[in-house]
Structure formats: structure tokens, C-alpha cells
Amino acid sequence: MDPFLSLLHSFSSGMTESEVGSLKFLCRDKITKRKMEGVRSAADLFALLLEQRAVAEDDVDLLVTLLRAIKRLDLVEQLQQFVEEGQANAPDQPDPNEKPFNVIYENVGKDWKKLMRRLGLPEVRIDKIEAAYPKDLNEQVFKSLREWQKWKGKDAKVDDLIEGLRACYLNLVADRVEQ
């Protein structure tokens with residue numbers, strides 16, 4: 001799966017209706033009124049912007065401007081980090097869209113902080129994720145996995161995830177990841 005599309009999907013899932021409404025208003029000069037009527041989420045809007053080539057993986061200026069306008073500086077920071085570092089995963093790294101991340105995402109729940117501490121993610125980063133998504137447990141889990149992967153870089157291995165899960169007594173989840 002395309003890492004840029006994953007990033008946009010992640011942005012979309014964390015946006016409120018009000019933020020989506022603001023984005024729609026700001027894009028009135030980019031997207032026709034007829035097409036805008038079908039936009040129900042930020043993902044819909046991003047799809048139209050991609051289709052019209054107003055946004056692309058190598059051209060995120062408009063997206064940065066839009067996110068700044070709606071005061072989502074956390075997303076601007078993630079986008080800039082994506083552009084600077086690139087998000088291509090090394091072959092031995094867990095892809096956040098493949099089975100290990102999905103299994104953990106779907107099964108860890110409120111134990112995500114215990115797992116991240118066990119994996120060595122600094123407490124400051126854990127607190128930052130929790131503050132950014134205070135009412136969205138699923139997004140906290142997903143973002144913490146991505147943050148751990150970025151923090152570990154090429155050293156992020158599926159075996160480390162399994163070991164961390166087992167150390168947190170999440171053996172059923174570890175078994176599912178191994179399968």
C-alpha cells in the first residue's frame with residue numbers, strides 16, 4: 001500500500017466534522033460545487049485533490065497550507081517528517097498496513113502504553129500521542145506503532161513486536177502476529 005495514501009487516511013480518521021467542513025470551504029476554488037457535494041470526509045476531499053493533482057506525494061504545499069489554516073500543526077509536522085524522511089520501509093521492517101500492525105491495532109486496546117514502554121518508546125512520545133488523540137484509542141494504538149517504527153528505524157523488527165507483546169502478557173495477540 002502507498003505510504004502517502006496511508007498518511008492521508010490517518011489524517012482523515014483523526015479529523016472532526018468541523019475540520020472537514022473548514023477544509024471543504026478552503027478548497028472551494030479547487031473543487032467544483034458538484035463534486036464537493038459528495039465529500040463526506042477528509043478522505044473524500046483528499047481523493048479529489050489527488051485526482052486533480054492539486055496534491056501529490058512530491059507536492060504537499062497545498063496540503064500544508066490547508067492543515068495550517070485549520071490549526072492542525074500536529075498533522076503539518078507529520079507531513080513534513082514524511083517528506084523529509086520518506087516513509088519507504090526497509091524489507092525487514094513491519095509495514096504499518098500489513099498483518100502485524102493490523103493484528104496489534106485491532107487487539108491491543110488500552111494496553112498500548114504498556115506495550116510501547118516495553119518496546120522502549122520514550123515516555124515523552126507516548127504522552128504526545130495520548131495528548132494528540134485523547135478520545136481515540138484506536139488512533140493512539142496506530143500512531144504509537146508508527147512512532148515506534150520511526151523511532152527504531154531499520155531496527156524495527158516484527159520479532160521485537162512479538163517479544164514485547166509476550167512480555168506484556170499479550171500472548172494471544174503475539175500468537176496471531178506470528179501466524
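Interatomic distance, I129 CD1 to R146 CZ, rounded to the nearest 0.5 Å: 11.0 Å. Separation of atoms CZ (R68) and CG (L63) is listed at 11.0 Å; rounding is to 0.5 Å. Atoms OG and CG, on S144 and L115 in that order, are 7.0 Å from each other to the nearest 0.5 Å. Rounding to the nearest 0.5 angstrom, the gap separating the CG atom in L8 from the OG atom in S13 is 11.0 Å. Taking CG of L75 as the start and CG of L66 as the end, the distance is 11.5 Å to the nearest 0.5 Å. Rounding to the nearest 0.5 angstrom, the gap separating the CG atom in L23 from the CG atom in L67 is 6.5 Å.
The two residues V173 and V103 make their nearest non-hydrogen contact at O-CG1, 3.9 Å. Here the shortest heavy-atom pairing between L48 and K35 reads CD1-O, 3.9 Å. I104 and V141 make their closest contact through O-CG1, 4.1 Å (heavy atoms, listed as atom of the first residue, atom of the second, distance). The two residues G14 and R72 make their nearest non-hydrogen contact at O-NH1, 3.2 Å. Here the shortest heavy-atom pairing between L50 and V55 reads CD2-O, 3.3 Å. Of all non-hydrogen atoms in W151 and L119, the two that sit nearest each other are CZ3-O, 3.8 Å.
Under the 4.5 Å side-chain heavy-atom criterion for Ile, Leu, Val, Met, Phe, Trp and Tyr, L137 and W148 are members of the same hydrophobic cluster. Hydrophobic clustering (side-chain heavy atoms under 4.5 Å, transitive across Ile, Leu, Val, Met, Phe, Trp, Tyr) groups F25 together with M36.
Judged as a side-chain hydrogen bond (donor to acceptor under 3.5 Å, both in side chains), the pairs with a partner in residues 107-124 (not counting sequence neighbours) are, in order, N107-R176, W112-Q140, K113-E130, R117-E123.
Relative ring orientation between F82 and F4 is described as tilted, the plane-to-plane angle lying within the 30° to 60° band.
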Practice task
Carefully, step by step, assess V20 and L45 under the rule side-chain contact (heavy atoms from CB on, under 4.5 Å).
Solution key: CA-CA 8 Å; V20 173; L45 183 62; 5.8 Å; no

Exercise for the section: Would you check, one step at a time, whether the test side-chain contact (heavy atoms from CB on, under 4.5 Å) holds for L145 with M116? Expected result: CA-CA 8 Å; L145 288 167; M116 288 302 118; 3.7 Å; yes

Exercise for the section: Might you work through the side-chain contact (heavy atoms from CB on, under 4.5 Å) test for R125 and K150, ending with a clear yes or no? Expected result: CA-CA 11 Å; R125 293 183 186 209; K150 284 188 255 180; 5.7 Å; no

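Evaluated for a side chain to side chain contact (heavy atoms under 4.5 Å, CB included) with L165, the options V108, D160, D175, N171 yield exactly one hit, V108.
One N or O on the side chain of K24 and one on the backbone of V39 form a donor-acceptor pair closer than 3.5 Å. Distance alone, capped at 3.5 Å, is enough to place a donor-acceptor pair between the R40 side chain and the E37 backbone. A donor-acceptor pair under 3.5 Å is formed between the side chain of T65 and the backbone N or O of D61. Proximity of a side-chain donor or acceptor of D44 to a complementary backbone N or O of S41 within less than 3.5 Å is detected.
Summarising the local packing, CD of E163 is surrounded by 12 or fewer heavy atoms from other residues, nucleotides or ligands at distances under 6.0 Å.
Using a 4.5 Å heavy-atom cutoff, the side chains of I31 and L49 are in contact.
Salt bridge annotation for E139-K143: present, with a cationic side-chain nitrogen under 4.0 angstrom from a carboxylate oxygen.
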